[in-house]
**Q** 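Once you've had a glance at the structure underneath, I'll fire off some questions.
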2 protein chains.
Amino acid sequence: MKALVYRKKGEIEWAEVANPEIINPTDIIVKVEGFTFSHADYRPYLGEDDSVKANTIMGHEAVGVISAVGNAVTTLKIGDRVAVGCIIHCNNCSDCASQNYANCQNGGFILGTSENGTHAEYVRVPYGENSVIKIPTNLALEDVVMLSDVLPTAYENVIKKVDFTKVKTAAIIGDGPIGLSTFLFLINNKVKVDIYGHHQVKLDFFKANGAYETFTTIDETNQKKYDLVVECVGNDRGTFEAAQQLLGFNGMLITIGVFKNPVKFFLNELWYQNITIHTGILNVYTLPELLAKIESQEIAPHKIVSQVYGKDDVLTAYHAFKNKDLFKIVVKL
Amino acid sequence: MKALVYRKKGEIEWAEVANPEIINPTDIIVKVEGFTFSHADYRPYLGEDDSVKANTIMGHEAVGVISAVGNAVTTLKIGDRVAVGCIIHCNNCSDCASQNYANCQNGGFILGTSENGTHAEYVRVPYGENSVIKIPTNLALEDVVMLSDVLPTAYENVIKKVDFTKVKTAAIIGDGPIGLSTFLFLINNKVKVDIYGHHQVKLDFFKANGAYETFTTIDETNQKKYDLVVECVGNDRGTFEAAQQLLGFNGMLITIGVFKNPVKFFLNELWYQNITIHTGILNVYTLPELLAKIESQEIAPHKIVSQVYGKDDVLTAYHAFKNKDLFKIVVKL
């Protein structure tokens, strides 16, 4: 089969590799119908981190049809269409018992990092019954492939933590796919949302889809304060510090970013403001809820998809990441 | 009348001063039966802050009997016994509308700082109807005087923010009166509580009253993690940073301390741990609930009182603060 293999910093290949096989009785094999990229797939190529092992197939997001199941699999069968969640979980360790699936002692964020991932014609999904969701055949790939990561990331980290009787205004820092996913949910919950970003094309898209105001800087001239501030950038770019400036009395700051260094927390200003901060990684425990929202057309995740490529253009699709005007890129095999 | 007047750093006086009078129609005058001290009363004397205006009567905690009421006061009358809340609030500004009483544009934490306070034979309480609670005459001063500050501080900042179905273990950093108040509530809610402090006599008191373990240091040899960590020290002593080390997955960190400088937030370690941080100041909105808990003997706040002095020993009582083995000091006039 063909697969997108990470060789080393600056080197990837759409290579011919062996098909995956069932290794453990709880495995399933999924014939991939389509996949999408996340920034986590691109950082190792840029040399920004070394999360992907050399010669590993990349990717943690995909939709496809089951082509093989292990002996212990009883609730899924060959032919089922599924979305693969980006967190593999055994449901059998102490972390899974606390629903900390991302920290699963036998899984976690392993697809496309330590285990071969979804950017391939076939992918082996460990603990398949826990780690995928069955999806109806009539739903568009561009909607359901967002279930793998970007929808539950926004939904679990933000929407499940917010009391919408108290949150009427929000700022989203970051104009990428996570910011957009968060935005679509907040707009659905009648929140007045401002976007802080750096890419005018994307900011215009937010505006056209209901954002109240958009800004390209956060500085002392900006006096707006919000009930909710969602930081979707991370990577030690000063956005956590900036987010604190936007926080109103009784406000909530949620950071979805990944950080490699400690940040500055302005307790000298915030100690008396009754604020709340949440950090979080998704545990992909909300797929049934999210699928129902797609089926009822309450949410339209295909809005997060900027371009769709075919199987002959996988490398082009991968490098489309360099184009900062795009949200998610999907490949249809 | 006699009153404890703050002159300047290092100089206080139990002085003869003029009695307070009704100034605004919403004022009340309370003849003080007893008061207590907080660290906020001592910091200016030590030169640690300049929150108290020179020649101001100190104090924001007291119980007494109403001796005069303004024309607009209808729900309180001369002779009513009341506890004075440490936050004065007009109930008429936009901050009061959001129940941010501590930030009231016409009040806030003014008693004993910008307005004459409670360490006196009489005190004028602005917006008296909003800022005191009527209390039965049979309740002990040592119980009800804790309503002014230390009980609502712990109750509103901690107990009202915690879901006790999820919190089974807690660490309290700080062995002072706020730590003890928090402890008494947590113990009542069946939480297993460890105390981190520096004063062995006080740590022994915690232990004797149901603390699980006590520690005098937090370092890398300490591997305990908690569902809840309450930081009750503040003052830039590194306790917020230390508190983060004690936080378990999905944990909650509540800081009740006062900070003058930014602190270090270890997002590099905590970004994926689904943690929550709360900051807060009390708004003294829970006095009816707390009074009911005293009446039903669900809580016994007199445990927080280490010593009671008479009116001839006010200065001795004030300087008892230097004795770090004591919790709260009460003066009975």
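Letters A, B, ... mirror the listed sequences (proteins, then strands); counts begin at 1. When reading the values below, keep in mind they use all heavy atoms of this one structure, side chains included, and skip hydrogens, waters and symmetry mates.
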**Q** If you count heavy-atom pairs under 4.5 Å with chain A, which of B:I254, B:T255, B:N103, B:V263 comes out on top?
**A**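 Highest number of heavy-atom pairs under 4.5 Å: B:V263.
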
**Q** Where does A:Y272 contact chain B at under 4.5 Å (heavy atoms): side chain, backbone, both or neither?
**A** both

**Q** Could you check which of B:F249, B:F266, B:F240 has the highest count of heavy-atom pairs closer than 4.5 Å to chain A?
**A**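 Looking at each of B:F249, B:F266, B:F240 in turn, B:F249 comes out on top.
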
**Q** Checking heavy atoms, do the side chain of A:D95, its backbone, both or neither come under 4.5 Å from chain B?
**A**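 Contact with chain B involves no heavy atom of A:D95 at all.
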
**Q** How long is the span from the CG atom in B:N261 to the CD atom in A:E269, to the nearest 0.5 Å?
**A**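 Answer for the CG-CD pair, B:N261 versus A:E269, is 11.0 Å.
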
**Q** What's the separation between atom OG1 in A:T279 and atom CG in B:L247, rounded to the nearest 0.5 Å?
**A**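 CG of B:L247 is found 8.5 Å from OG1 of A:T279.
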
**Q** Heavy-atom cut-off 4.5 Å, strictly under: side chain, backbone, both or neither for B:D236 against chain A?
**A**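 The answer is neither part of B:D236.
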
**Q** Pick one of side chain, backbone, both or neither for A:K260, based on which atoms fall under 4.5 Å of a heavy atom in chain B.
**A** backbone

**Q** If I take atom CG from residue B:N274 and atom CD from residue A:E156, how far apart are they, to the nearest 0.5 angstrom?
**A**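 These two atoms lie 9.0 Å from each other.
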
**Q** A:L267, A:N283, A:T276: which one forms the most heavy-atom pairs within less than 4.5 Å of chain B?
**A**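 With the most close heavy-atom pairs to chain B, the winner is A:L267.
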
**Q** Taking atom types as modelled, is there a side-chain donor on B:N250 or A:N100 under 3.5 Å from an acceptor on the other?
**A**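 The answer is yes; a qualifying pair exists.
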
**Q** Which residues in residues 172-186 of chain A have a heavy atom less than 4.5 Å from any heavy atom of chain B?
**A**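 From residues 172-186 of chain A, none sit under 4.5 Å of chain B.
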
**Q** I'd like to know which of B:L270, B:N157, B:L282 tops the heavy-atom pair count under 4.5 Å against chain A.
**A** B:L270

